[in-house]
Amino acid sequence: MSENSLRRRSRANAEPGAFRSLDWFTIGLYLLLVTAGVVSIYAASYDFDHASIWSFSEFSGKQICWIGLSLLIGAAIMLTDYRMYETYAYPFYAFMLIVLVVTIFVAPDIKGSHSWLRFGPVSVQPAEFAKCAAALALAKLFNTYNFKLNSPSNYLKAIAIFLVPSFIIICQNETGSALTFFALFFVLYREGMSGIVLLAAVIAVAIFVVIMKYAENSVLAMAQGEFIVYMLIMLVMVFMAGLFAKSVKLMRLLFLGFGGLVAVAFILGAFEIVLPWKWIFMAAIIIAALYLVILSFRDHIRKLMVCGIFALGSLIFAFSVNTLFPLLQPHQQNRILVSLGITADPRGQGYNVNQSLIAIGSGGVTGKGFLNGTQTKLKYVPEQHTDFIFCTIGEEHGYVGTSAVLLLFLLLILRIISIAERQPTAFSRVYGYSVASIFIFHLCINVGMVIGLCPVIGIPLPFFSYGGSSLWGFTILLFILLRLDAARKLIRR
(Lines give C-alpha, C1' and ligand atoms only; values in the text may rest on other atoms or scores of the structure.)
Protein backbone atom coordinates (compact mmCIF):
# COMPACT_ATOMS: atom_id res chain seq x y z
CA MET A 1 0.00 0.00 0.00
CA SER A 2 1.42 3.41 -0.97
CA GLU A 3 2.16 6.19 1.50
CA ASN A 4 -0.69 8.31 0.08
CA SER A 5 -3.12 5.44 0.51
CA LEU A 6 -2.03 5.01 4.11
CA ARG A 7 -2.55 8.70 4.76
CA ARG A 8 -6.02 8.64 3.20
CA ARG A 9 -6.94 5.59 5.25
CA SER A 10 -5.61 7.21 8.40
CA ARG A 11 -7.64 10.35 7.76
CA ALA A 12 -10.74 8.28 7.02
CA ASN A 13 -10.36 6.34 10.24
CA ALA A 14 -9.91 9.54 12.18
CA GLU A 15 -12.97 11.25 10.70
CA PRO A 16 -15.76 11.75 13.24
CA GLY A 17 -18.31 9.95 11.07
CA ALA A 18 -19.58 7.47 13.62
CA PHE A 19 -22.76 9.45 14.31
CA ARG A 20 -23.45 9.93 10.60
CA SER A 21 -23.15 6.19 10.00
CA LEU A 22 -25.12 5.26 13.09
CA ASP A 23 -28.07 2.89 12.70
CA TRP A 24 -30.76 5.34 13.80
CA PHE A 25 -33.54 2.78 13.45
CA THR A 26 -31.96 0.73 16.24
CA ILE A 27 -31.45 3.87 18.30
CA GLY A 28 -35.13 4.66 17.85
CA LEU A 29 -36.10 1.20 19.10
CA TYR A 30 -33.75 1.64 22.05
CA LEU A 31 -35.32 4.98 23.00
CA LEU A 32 -38.85 3.56 22.66
CA LEU A 33 -37.99 0.62 24.92
CA VAL A 34 -36.31 2.65 27.66
CA THR A 35 -39.16 5.20 27.60
CA ALA A 36 -41.75 2.45 27.88
CA GLY A 37 -39.62 0.96 30.65
CA VAL A 38 -39.73 4.18 32.71
CA VAL A 39 -43.48 4.46 32.30
CA SER A 40 -43.89 0.81 33.35
CA ILE A 41 -41.65 1.29 36.39
CA TYR A 42 -43.68 4.34 37.39
CA ALA A 43 -46.90 2.34 37.04
CA ALA A 44 -45.48 -0.61 39.00
CA SER A 45 -44.26 1.54 41.91
CA TYR A 46 -47.10 4.10 41.81
CA ASP A 47 -48.97 4.70 45.02
CA PHE A 48 -51.94 6.87 45.84
CA ASP A 49 -49.82 9.85 46.91
CA HIS A 50 -49.67 10.87 43.25
CA ALA A 51 -45.89 11.31 43.18
CA SER A 52 -44.46 12.67 39.94
CA ILE A 53 -42.76 10.34 37.49
CA TRP A 54 -39.75 12.70 37.69
CA SER A 55 -39.45 12.50 41.47
CA PHE A 56 -36.07 11.17 42.58
CA SER A 57 -37.78 9.55 45.55
CA GLU A 58 -39.55 7.23 43.11
CA PHE A 59 -38.02 4.34 41.19
CA SER A 60 -39.07 6.01 37.94
CA GLY A 61 -37.14 9.19 38.75
CA LYS A 62 -34.03 7.18 39.59
CA GLN A 63 -34.42 5.19 36.39
CA ILE A 64 -34.54 8.43 34.39
CA CYS A 65 -31.16 9.30 35.93
CA TRP A 66 -29.81 5.90 34.87
CA ILE A 67 -31.15 6.50 31.36
CA GLY A 68 -29.45 9.88 31.18
CA LEU A 69 -26.16 8.32 32.22
CA SER A 70 -26.75 5.49 29.74
CA LEU A 71 -27.09 8.00 26.91
CA LEU A 72 -23.80 9.60 27.98
CA ILE A 73 -22.18 6.14 28.03
CA GLY A 74 -23.59 5.45 24.56
CA ALA A 75 -22.21 8.76 23.26
CA ALA A 76 -18.80 7.99 24.78
CA ILE A 77 -18.79 4.59 23.09
CA MET A 78 -19.56 6.19 19.74
CA LEU A 79 -16.68 8.63 20.17
CA THR A 80 -14.21 5.86 20.94
CA ASP A 81 -12.04 4.37 18.21
CA TYR A 82 -13.76 1.17 17.09
CA ARG A 83 -10.43 -0.70 17.08
CA MET A 84 -10.14 -0.29 20.84
CA TYR A 85 -12.85 -2.88 21.47
CA GLU A 86 -10.96 -5.65 19.73
CA THR A 87 -7.53 -4.54 20.95
CA TYR A 88 -8.54 -4.53 24.61
CA ALA A 89 -11.08 -7.36 24.53
CA TYR A 90 -8.89 -9.80 26.46
CA PRO A 91 -7.60 -7.25 29.04
CA PHE A 92 -11.19 -6.12 29.70
CA TYR A 93 -12.27 -9.75 30.07
CA ALA A 94 -9.42 -10.47 32.51
CA PHE A 95 -10.24 -7.32 34.48
CA MET A 96 -13.91 -8.34 34.81
CA LEU A 97 -12.93 -11.81 36.01
CA ILE A 98 -10.82 -10.22 38.74
CA VAL A 99 -13.69 -7.93 39.72
CA LEU A 100 -16.09 -10.88 39.86
CA VAL A 101 -13.74 -12.81 42.14
CA VAL A 102 -13.19 -9.79 44.41
CA THR A 103 -16.95 -9.25 44.58
CA ILE A 104 -17.39 -12.65 46.27
CA PHE A 105 -15.33 -11.48 49.25
CA VAL A 106 -16.18 -7.78 49.56
CA ALA A 107 -19.84 -7.60 48.52
CA PRO A 108 -22.43 -7.43 51.29
CA ASP A 109 -24.90 -10.24 51.82
CA ILE A 110 -28.14 -9.30 50.04
CA LYS A 111 -30.74 -12.07 50.28
CA GLY A 112 -27.97 -14.66 50.41
CA SER A 113 -26.16 -13.26 47.36
CA HIS A 114 -22.74 -11.57 47.29
CA SER A 115 -23.00 -9.94 43.86
CA TRP A 116 -23.36 -6.20 44.46
CA LEU A 117 -20.54 -3.69 45.01
CA ARG A 118 -21.47 -0.53 46.88
CA PHE A 119 -19.97 2.86 46.06
CA GLY A 120 -21.62 5.20 48.53
CA PRO A 121 -25.34 5.40 47.69
CA VAL A 122 -24.88 3.52 44.41
CA SER A 123 -24.77 -0.28 44.07
CA VAL A 124 -23.33 -1.95 40.98
CA GLN A 125 -23.62 -5.57 39.87
CA PRO A 126 -20.42 -6.53 37.99
CA ALA A 127 -22.10 -9.58 36.43
CA GLU A 128 -24.08 -7.29 34.13
CA PHE A 129 -20.87 -5.89 32.63
CA ALA A 130 -19.16 -9.29 32.51
CA LYS A 131 -21.61 -10.30 29.76
CA CYS A 132 -20.15 -7.62 27.51
CA ALA A 133 -16.61 -8.68 28.42
CA ALA A 134 -17.38 -12.31 27.57
CA ALA A 135 -18.99 -11.30 24.26
CA LEU A 136 -15.95 -9.23 23.29
CA ALA A 137 -13.51 -11.98 24.30
CA LEU A 138 -15.47 -14.59 22.33
CA ALA A 139 -15.49 -12.30 19.28
CA LYS A 140 -11.76 -11.73 19.66
CA LEU A 141 -11.15 -15.48 19.79
CA PHE A 142 -13.10 -16.13 16.60
CA ASN A 143 -11.26 -13.31 14.86
CA THR A 144 -7.93 -15.02 15.55
CA TYR A 145 -6.18 -15.97 12.33
CA ASN A 146 -7.51 -19.24 10.89
CA PHE A 147 -9.62 -19.99 13.99
CA LYS A 148 -12.44 -22.47 13.38
CA LEU A 149 -14.53 -24.78 15.51
CA ASN A 150 -12.87 -27.82 14.03
CA SER A 151 -11.03 -29.26 17.01
CA PRO A 152 -11.77 -30.12 20.67
CA SER A 153 -9.20 -27.57 21.85
CA ASN A 154 -10.95 -24.73 19.99
CA TYR A 155 -14.30 -25.82 21.39
CA LEU A 156 -12.83 -25.79 24.90
CA LYS A 157 -11.35 -22.31 24.42
CA ALA A 158 -14.68 -20.90 23.21
CA ILE A 159 -16.76 -22.56 25.90
CA ALA A 160 -14.31 -21.62 28.66
CA ILE A 161 -14.75 -17.93 27.84
CA PHE A 162 -18.31 -17.95 29.16
CA LEU A 163 -18.11 -20.89 31.57
CA VAL A 164 -15.42 -19.26 33.73
CA PRO A 165 -17.40 -16.08 34.59
CA SER A 166 -20.53 -18.18 34.94
CA PHE A 167 -18.84 -20.38 37.55
CA ILE A 168 -17.54 -17.35 39.48
CA ILE A 169 -21.03 -15.80 39.51
CA ILE A 170 -22.47 -19.07 40.80
CA CYS A 171 -19.98 -18.75 43.68
CA GLN A 172 -21.63 -15.37 44.36
CA ASN A 173 -24.87 -17.33 44.77
CA GLU A 174 -26.37 -15.52 41.77
CA THR A 175 -27.55 -18.45 39.66
CA GLY A 176 -29.84 -16.44 37.39
CA SER A 177 -27.10 -14.11 36.16
CA ALA A 178 -24.75 -17.08 35.71
CA LEU A 179 -27.20 -18.84 33.41
CA THR A 180 -27.34 -15.91 30.99
CA PHE A 181 -23.79 -16.67 29.83
CA PHE A 182 -25.00 -19.97 28.38
CA ALA A 183 -26.86 -17.92 25.77
CA LEU A 184 -23.50 -17.64 23.98
CA PHE A 185 -23.83 -21.30 22.99
CA PHE A 186 -26.07 -20.06 20.16
CA VAL A 187 -23.16 -18.00 18.82
CA LEU A 188 -21.07 -21.16 18.53
CA TYR A 189 -23.87 -22.75 16.51
CA ARG A 190 -23.86 -19.78 14.12
CA GLU A 191 -20.09 -20.12 13.73
CA GLY A 192 -20.08 -23.78 12.77
CA MET A 193 -20.91 -25.85 15.83
CA SER A 194 -22.79 -29.01 14.91
CA GLY A 195 -26.52 -28.95 15.45
CA ILE A 196 -26.11 -32.22 17.35
CA VAL A 197 -24.80 -30.23 20.30
CA LEU A 198 -27.97 -28.12 20.45
CA LEU A 199 -30.04 -31.26 20.01
CA ALA A 200 -28.17 -32.83 22.92
CA ALA A 201 -28.94 -29.79 25.07
CA VAL A 202 -32.65 -30.01 24.23
CA ILE A 203 -32.65 -33.74 24.96
CA ALA A 204 -30.90 -33.13 28.29
CA VAL A 205 -33.61 -30.65 29.30
CA ALA A 206 -36.32 -33.11 28.22
CA ILE A 207 -34.70 -35.93 30.22
CA PHE A 208 -34.49 -33.74 33.31
CA VAL A 209 -38.12 -32.62 33.05
CA VAL A 210 -39.44 -36.16 32.47
CA ILE A 211 -37.46 -37.67 35.35
CA MET A 212 -38.51 -34.93 37.78
CA LYS A 213 -42.12 -34.75 36.56
CA TYR A 214 -42.79 -38.49 36.87
CA ALA A 215 -40.67 -39.33 39.89
CA GLU A 216 -43.55 -40.25 42.19
CA ASN A 217 -45.09 -43.20 40.31
CA SER A 218 -43.23 -46.45 39.62
CA VAL A 219 -43.07 -48.94 36.73
CA LEU A 220 -41.23 -52.27 36.97
CA ALA A 221 -39.74 -51.31 40.36
CA MET A 222 -38.26 -48.04 39.04
CA ALA A 223 -39.44 -44.45 38.86
CA GLN A 224 -41.84 -43.87 35.98
CA GLY A 225 -39.74 -40.96 34.72
CA GLU A 226 -36.64 -43.13 34.47
CA PHE A 227 -38.61 -45.85 32.66
CA ILE A 228 -39.90 -43.33 30.09
CA VAL A 229 -36.38 -42.01 29.50
CA TYR A 230 -34.94 -45.50 28.97
CA MET A 231 -37.69 -46.31 26.48
CA LEU A 232 -37.06 -43.06 24.59
CA ILE A 233 -33.30 -43.72 24.44
CA MET A 234 -33.98 -47.18 23.01
CA LEU A 235 -36.38 -45.85 20.37
CA VAL A 236 -34.01 -43.07 19.31
CA MET A 237 -31.17 -45.59 19.01
CA VAL A 238 -33.28 -47.84 16.79
CA PHE A 239 -34.24 -45.07 14.36
CA MET A 240 -30.87 -43.27 14.39
CA ALA A 241 -28.97 -46.52 13.73
CA GLY A 242 -31.28 -47.48 10.88
CA LEU A 243 -31.08 -43.99 9.37
CA PHE A 244 -27.30 -43.56 9.68
CA ALA A 245 -26.33 -47.09 8.56
CA LYS A 246 -29.18 -47.30 6.01
CA SER A 247 -29.63 -50.83 7.24
CA VAL A 248 -33.06 -52.35 7.85
CA LYS A 249 -31.30 -55.39 9.29
CA LEU A 250 -29.56 -53.35 12.02
CA MET A 251 -32.74 -51.47 12.76
CA ARG A 252 -34.68 -54.72 13.07
CA LEU A 253 -32.01 -56.24 15.31
CA LEU A 254 -32.11 -53.37 17.79
CA PHE A 255 -35.89 -53.16 17.70
CA LEU A 256 -36.36 -56.88 18.39
CA GLY A 257 -33.68 -56.84 21.09
CA PHE A 258 -35.09 -53.87 23.00
CA GLY A 259 -38.71 -54.79 22.33
CA GLY A 260 -38.19 -58.37 23.47
CA LEU A 261 -36.50 -57.21 26.68
CA VAL A 262 -39.36 -54.84 27.53
CA ALA A 263 -41.95 -57.51 26.72
CA VAL A 264 -40.22 -60.02 29.01
CA ALA A 265 -40.08 -57.41 31.77
CA PHE A 266 -43.85 -56.79 31.63
CA ILE A 267 -44.69 -60.49 31.37
CA LEU A 268 -42.61 -61.30 34.46
CA GLY A 269 -44.07 -58.26 36.18
CA ALA A 270 -47.56 -59.62 35.58
CA PHE A 271 -46.52 -62.71 37.55
CA GLU A 272 -45.02 -60.46 40.24
CA ILE A 273 -41.49 -61.64 39.46
CA VAL A 274 -39.34 -58.65 40.42
CA LEU A 275 -35.94 -58.18 38.82
CA PRO A 276 -33.62 -55.13 38.90
CA TRP A 277 -35.01 -53.91 35.57
CA LYS A 278 -33.48 -50.46 35.96
CA TRP A 279 -29.98 -51.93 35.84
CA ILE A 280 -30.93 -54.46 33.17
CA PHE A 281 -32.24 -51.71 30.87
CA MET A 282 -29.12 -49.64 31.49
CA ALA A 283 -26.90 -52.63 30.69
CA ALA A 284 -28.85 -53.30 27.46
CA ILE A 285 -28.43 -49.68 26.33
CA ILE A 286 -24.69 -49.74 27.11
CA ILE A 287 -24.17 -53.01 25.22
CA ALA A 288 -26.10 -51.71 22.21
CA ALA A 289 -24.18 -48.42 22.26
CA LEU A 290 -20.82 -50.20 22.37
CA TYR A 291 -21.96 -52.46 19.54
CA LEU A 292 -22.76 -49.38 17.40
CA VAL A 293 -19.36 -47.86 18.19
CA ILE A 294 -17.64 -51.10 17.08
CA LEU A 295 -19.70 -51.13 13.88
CA SER A 296 -18.71 -47.53 13.19
CA PHE A 297 -15.04 -48.56 13.09
CA ARG A 298 -15.66 -51.78 11.18
CA ASP A 299 -17.93 -50.31 8.52
CA HIS A 300 -16.44 -46.80 8.56
CA ILE A 301 -19.76 -45.16 9.42
CA ARG A 302 -18.89 -42.35 11.83
CA LYS A 303 -22.52 -41.46 12.47
CA LEU A 304 -23.03 -44.78 14.23
CA MET A 305 -20.45 -43.66 16.75
CA VAL A 306 -22.48 -40.48 17.26
CA CYS A 307 -25.52 -42.64 17.92
CA GLY A 308 -23.62 -44.73 20.48
CA ILE A 309 -22.16 -41.68 22.22
CA PHE A 310 -25.62 -40.07 22.31
CA ALA A 311 -27.06 -43.14 24.03
CA LEU A 312 -24.25 -43.34 26.58
CA GLY A 313 -24.37 -39.60 27.27
CA SER A 314 -28.15 -39.64 27.71
CA LEU A 315 -27.87 -42.60 30.05
CA ILE A 316 -25.18 -40.93 32.17
CA PHE A 317 -27.19 -37.70 32.36
CA ALA A 318 -30.38 -39.54 33.30
CA PHE A 319 -28.52 -41.44 36.02
CA SER A 320 -27.00 -38.22 37.39
CA VAL A 321 -30.21 -36.15 37.58
CA ASN A 322 -31.22 -37.54 40.96
CA THR A 323 -27.66 -37.01 42.16
CA LEU A 324 -27.22 -33.42 40.97
CA PHE A 325 -30.66 -32.06 41.83
CA PRO A 326 -30.19 -32.34 45.64
CA LEU A 327 -27.03 -30.22 45.29
CA LEU A 328 -29.16 -27.17 44.44
CA GLN A 329 -30.24 -24.77 47.17
CA PRO A 330 -33.63 -25.65 48.74
CA HIS A 331 -35.30 -22.53 47.31
CA GLN A 332 -33.92 -23.35 43.85
CA GLN A 333 -35.29 -26.90 44.08
CA ASN A 334 -38.70 -25.56 45.12
CA ARG A 335 -38.79 -23.08 42.24
CA ILE A 336 -38.07 -25.83 39.70
CA LEU A 337 -40.63 -28.19 41.23
CA VAL A 338 -43.28 -25.46 41.32
CA SER A 339 -42.60 -24.39 37.70
CA LEU A 340 -42.92 -28.02 36.55
CA GLY A 341 -46.21 -28.35 38.41
CA ILE A 342 -44.82 -31.13 40.61
CA THR A 343 -45.60 -29.28 43.83
CA ALA A 344 -48.13 -26.55 44.56
CA ASP A 345 -46.91 -23.74 46.79
CA PRO A 346 -49.18 -20.74 46.19
CA ARG A 347 -48.11 -19.05 49.42
CA GLY A 348 -44.42 -19.88 49.15
CA GLN A 349 -42.20 -20.27 46.09
CA GLY A 350 -45.23 -20.16 43.79
CA TYR A 351 -46.64 -16.95 45.26
CA ASN A 352 -44.90 -14.55 42.85
CA VAL A 353 -45.93 -16.46 39.75
CA ASN A 354 -49.47 -17.02 41.02
CA GLN A 355 -50.00 -13.30 41.65
CA SER A 356 -48.34 -12.44 38.35
CA LEU A 357 -50.71 -14.71 36.44
CA ILE A 358 -53.68 -13.14 38.22
CA ALA A 359 -52.44 -9.67 37.22
CA ILE A 360 -51.85 -10.58 33.58
CA GLY A 361 -55.10 -12.52 33.29
CA SER A 362 -57.14 -9.68 34.78
CA GLY A 363 -55.84 -7.32 32.09
CA GLY A 364 -57.80 -9.04 29.37
CA VAL A 365 -57.45 -7.77 25.82
CA THR A 366 -56.93 -4.04 26.33
CA GLY A 367 -56.05 -3.89 30.04
CA LYS A 368 -57.46 -1.91 32.94
CA GLY A 369 -55.83 1.33 31.88
CA PHE A 370 -52.70 3.21 32.90
CA LEU A 371 -52.30 3.33 36.72
CA ASN A 372 -55.55 1.38 37.18
CA GLY A 373 -54.10 -2.04 37.89
CA THR A 374 -55.31 -3.43 41.21
CA GLN A 375 -52.77 -6.22 41.64
CA THR A 376 -49.86 -3.88 41.05
CA LYS A 377 -51.22 -0.88 42.96
CA LEU A 378 -51.95 -2.99 46.02
CA LYS A 379 -48.46 -4.54 45.82
CA TYR A 380 -49.63 -8.14 45.53
CA VAL A 381 -46.80 -8.97 43.14
CA PRO A 382 -43.34 -8.83 44.79
CA GLU A 383 -40.48 -7.32 42.77
CA GLN A 384 -43.01 -5.96 40.27
CA HIS A 385 -40.77 -3.04 39.31
CA THR A 386 -37.79 -5.32 38.57
CA ASP A 387 -38.07 -8.98 37.58
CA PHE A 388 -41.89 -9.00 37.33
CA ILE A 389 -42.32 -5.72 35.46
CA PHE A 390 -43.98 -7.57 32.56
CA CYS A 391 -47.07 -8.38 34.66
CA THR A 392 -47.66 -4.64 35.19
CA ILE A 393 -47.78 -4.19 31.42
CA GLY A 394 -50.16 -7.14 31.11
CA GLU A 395 -52.57 -5.88 33.77
CA GLU A 396 -52.73 -2.24 32.66
CA HIS A 397 -52.46 -2.67 28.88
CA GLY A 398 -53.64 -6.25 28.37
CA TYR A 399 -52.90 -8.46 25.42
CA VAL A 400 -52.48 -5.44 23.15
CA GLY A 401 -49.82 -3.86 25.36
CA THR A 402 -47.81 -7.03 25.96
CA SER A 403 -47.94 -7.85 22.24
CA ALA A 404 -46.66 -4.37 21.40
CA VAL A 405 -43.74 -4.75 23.83
CA LEU A 406 -42.85 -8.19 22.46
CA LEU A 407 -43.07 -6.82 18.91
CA LEU A 408 -40.62 -4.05 19.78
CA PHE A 409 -38.20 -6.61 21.19
CA LEU A 410 -38.65 -8.79 18.12
CA LEU A 411 -37.83 -5.84 15.86
CA LEU A 412 -34.76 -5.01 17.95
CA ILE A 413 -33.46 -8.59 17.92
CA LEU A 414 -34.04 -9.00 14.19
CA ARG A 415 -32.28 -5.70 13.60
CA ILE A 416 -29.31 -6.81 15.71
CA ILE A 417 -29.09 -10.05 13.71
CA SER A 418 -29.29 -8.06 10.47
CA ILE A 419 -26.48 -5.79 11.69
CA ALA A 420 -24.39 -8.81 12.67
CA GLU A 421 -24.81 -10.40 9.24
CA ARG A 422 -23.57 -7.36 7.36
CA GLN A 423 -20.32 -7.06 9.31
CA PRO A 424 -17.10 -7.47 7.30
CA THR A 425 -15.08 -9.08 10.10
CA ALA A 426 -15.54 -12.15 12.27
CA PHE A 427 -15.04 -10.00 15.37
CA SER A 428 -18.00 -7.71 14.64
CA ARG A 429 -20.20 -10.57 13.42
CA VAL A 430 -19.60 -12.81 16.42
CA TYR A 431 -20.04 -9.90 18.80
CA GLY A 432 -23.33 -9.00 17.10
CA TYR A 433 -24.66 -12.52 17.49
CA SER A 434 -23.52 -12.54 21.11
CA VAL A 435 -25.60 -9.42 21.75
CA ALA A 436 -28.62 -10.95 20.01
CA SER A 437 -28.27 -14.20 22.00
CA ILE A 438 -28.11 -12.38 25.34
CA PHE A 439 -31.19 -10.29 24.52
CA ILE A 440 -33.13 -13.37 23.36
CA PHE A 441 -32.21 -15.30 26.50
CA HIS A 442 -33.22 -12.46 28.84
CA LEU A 443 -36.49 -11.86 27.02
CA CYS A 444 -37.55 -15.51 26.86
CA ILE A 445 -36.59 -16.40 30.43
CA ASN A 446 -38.04 -13.25 32.02
CA VAL A 447 -41.37 -13.47 30.20
CA GLY A 448 -41.37 -17.25 30.73
CA MET A 449 -40.98 -16.97 34.49
CA VAL A 450 -43.61 -14.20 34.73
CA ILE A 451 -46.20 -16.44 33.03
CA GLY A 452 -45.08 -19.59 34.85
CA LEU A 453 -43.25 -21.39 32.05
CA CYS A 454 -39.77 -21.06 33.61
CA PRO A 455 -38.47 -21.18 37.17
CA VAL A 456 -38.13 -17.83 38.92
CA ILE A 457 -34.38 -17.16 38.70
CA GLY A 458 -34.19 -13.38 38.89
CA ILE A 459 -33.37 -12.34 35.32
CA PRO A 460 -34.35 -8.75 34.40
CA LEU A 461 -36.31 -7.71 31.32
CA PRO A 462 -33.95 -5.57 29.18
CA PHE A 463 -34.65 -1.80 29.38
CA PHE A 464 -37.79 -2.38 31.46
CA SER A 465 -36.70 -3.78 34.80
CA TYR A 466 -35.54 -1.15 37.27
CA GLY A 467 -31.81 -0.96 37.89
CA GLY A 468 -28.80 1.00 36.72
CA SER A 469 -26.46 -1.97 36.32
CA SER A 470 -28.87 -3.83 34.08
CA LEU A 471 -29.66 -0.78 31.96
CA TRP A 472 -26.00 0.20 31.60
CA GLY A 473 -25.00 -3.36 30.78
CA PHE A 474 -27.53 -3.68 27.96
CA THR A 475 -26.73 -0.18 26.71
CA ILE A 476 -23.01 -0.95 26.52
CA LEU A 477 -23.70 -4.23 24.74
CA LEU A 478 -25.89 -2.54 22.14
CA PHE A 479 -23.87 0.62 21.55
CA ILE A 480 -20.56 -1.19 21.08
CA LEU A 481 -22.27 -3.14 18.30
CA LEU A 482 -23.58 0.11 16.81
CA ARG A 483 -20.07 1.58 16.97
CA LEU A 484 -18.60 -1.43 15.17
CA ASP A 485 -21.38 -1.26 12.61
CA ALA A 486 -20.79 2.46 12.03
CA ALA A 487 -17.16 1.68 11.17
CA ARG A 488 -17.84 -1.19 8.77
CA LYS A 489 -17.32 0.98 5.69
CA LEU A 490 -13.92 2.08 7.00
CA ILE A 491 -12.97 -1.56 7.61
CA ARG A 492 -13.81 -2.46 3.98
CA ARG A 493 -11.51 0.21 2.55
Side-chain angles (χ1 to χ4, degrees), residues 18-19 21-37 67 70-71 73-75 77-78 80 82 85-86 89 128-143 158 161-162 180-193 198 403-448 459-465 470-489 491:
F19 286 95
S21 303
L22 189 60
D23 190 313
W24 288 103
F25 180 76
T26 305
I27 293 295
L29 290 175
Y30 169 80
L31 294 175
L32 277 175
L33 287 167
V34 295
T35 302
I67 291 174
S70 295
L71 293 176
I73 291 172
I77 290 172
M78 298 306 300
T80 304
Y82 69 92
Y85 301 110
E86 182 177 0
E128 295 295 335
F129 306 102
K131 299 170 192 175
C132 180
L136 287 171
L138 189 65
K140 173 79 170 180
L141 177 67
F142 274 93
N143 203 42
I161 284 178
F162 52 87
T180 59
F181 287 83
F182 286 86
L184 298 178
F185 260 116
F186 294 105
V187 181
L188 304 188
Y189 177 69
R190 166 61 181 82
E191 294 301 314
M193 183 178 71
L198 285 180
S403 297
V405 169
L406 293 177
L407 179 61
L408 284 176
F409 274 113
L410 177 62
L411 289 175
L412 177 64
I413 291 168
L414 291 177
R415 188 64 175 181
I416 291 173
I417 294 174
S418 175
I419 290 173
E421 279 296 324
R422 71 190 185 194
Q423 298 309 305
T425 66
F427 177 81
S428 300
R429 183 183 68 250
V430 171
Y431 180 78
Y433 272 96
S434 298
V435 175
S437 299
I438 292 171
F439 273 96
I440 291 171
F441 188 89
H442 271 268
L443 177 64
C444 293
I445 299 300
N446 181 272
V447 174
I459 291 181
L461 183 64
F463 307 130
F464 276 78
S465 295
S470 171
L471 179 60
W472 293 346
F474 288 120
T475 299
I476 292 171
L477 272 169
L478 183 61
F479 273 78
I480 288 179
L481 175 63
L482 293 177
R483 181 65 186 95
L484 295 173
D485 179 62
R488 73 183 187 279
K489 294 180 181 179
I491 297 173

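Residue indices begin at 1 and follow the sequence shown.
A distance of 5.0 Å separates OH in Y85 from CD1 in I77, rounded to the nearest 0.5 Å. One distance of note links CD1 of I27 with CG of L478; it measures 6.5 Å at 0.5 Å rounding. Residue F463 holds its CZ atom at 10.0 Å from CG of L29, rounded to the nearest 0.5 Å. Note that the NZ atom of K131 and the OG atom of S434 stand 13.0 Å from one another [nearest 0.5 Å]. One finds the CZ atom of R429 at 4.0 Å from the CD atom of E191 (value rounded to the nearest 0.5 Å). In this structure, L410 CG and L414 CG are separated by 4.5 Å, a value rounded to the nearest 0.5 Å.
Put simply, the side chain of L443 reaches to within 4.5 Å of the side chain of I413, judged on heavy atoms. Side chains of L136 and K140 form no contact here, defined as non-hydrogen atoms less than 4.5 Å apart. The shortest side-chain heavy-atom distance between L138 and L188 falls under the 4.5 Å cut-off. Contact check for N446 versus F464: no side-chain heavy atoms found under the 4.5 Å cut-off. No side-chain heavy atom of F185 sits under 4.5 Å from any side-chain heavy atom of F441. Looking only at side-chain heavy atoms (C-beta outward), L71 and L31 come within less than 4.5 Å of each other. Counting only heavy atoms from C-beta outward, the side chains of I419 and L482 approach each other to under 4.5 Å. Looking only at side-chain heavy atoms (C-beta outward), V430 and T425 stay at 4.5 Å or farther from each other.
Put simply, the side chain of Y82 never gets that close to the backbone of D485: no donor and acceptor are under 3.5 Å apart. A side-chain donor-acceptor contact under 3.5 Å links H442 to the backbone of P460.
Applying ring pair (Phe, Tyr, Trp, His ring centres under 6.0 Å) to Y30 and the options F409, F474, F479 leaves one that passes, F479.
Residue G432 comes nearest to I416 through the heavy atom pair O-CG2, 3.5 Å, listed as atom of the first residue, atom of the second, then distance. Closest non-hydrogen pair, G473 versus F129, comes out as N-CE2, 4.0 Å. For L484 against Q423, the heavy-atom pair with the smallest separation is O-OE1, 3.7 Å. Nearest heavy-atom pair across L477 and A135 is CD2-CB, 4.4 Å. The heavy-atom pair separating S428 from L481 by the smallest distance is O-CD1, 4.3 Å. Looking at every heavy atom in both residues, R483 comes nearest to T80 through NE-O, 2.8 Å.
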Audit row: Y431, C132, side-chain contact (heavy atoms from CB on, under 4.5 Å) steps and yes/no: CA-CA 9 Å; Y431 180 78; C132 180; 3.8 Å; yes

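By the 6.0 Å contact criterion, CZ on F186 is open, its count of non-hydrogen atoms from other residues, nucleotides or ligands being 12 or less.
With sequence neighbours excluded, no residue forms a side-chain hydrogen bond (donor to acceptor under 3.5 Å, both in side chains) with S470.
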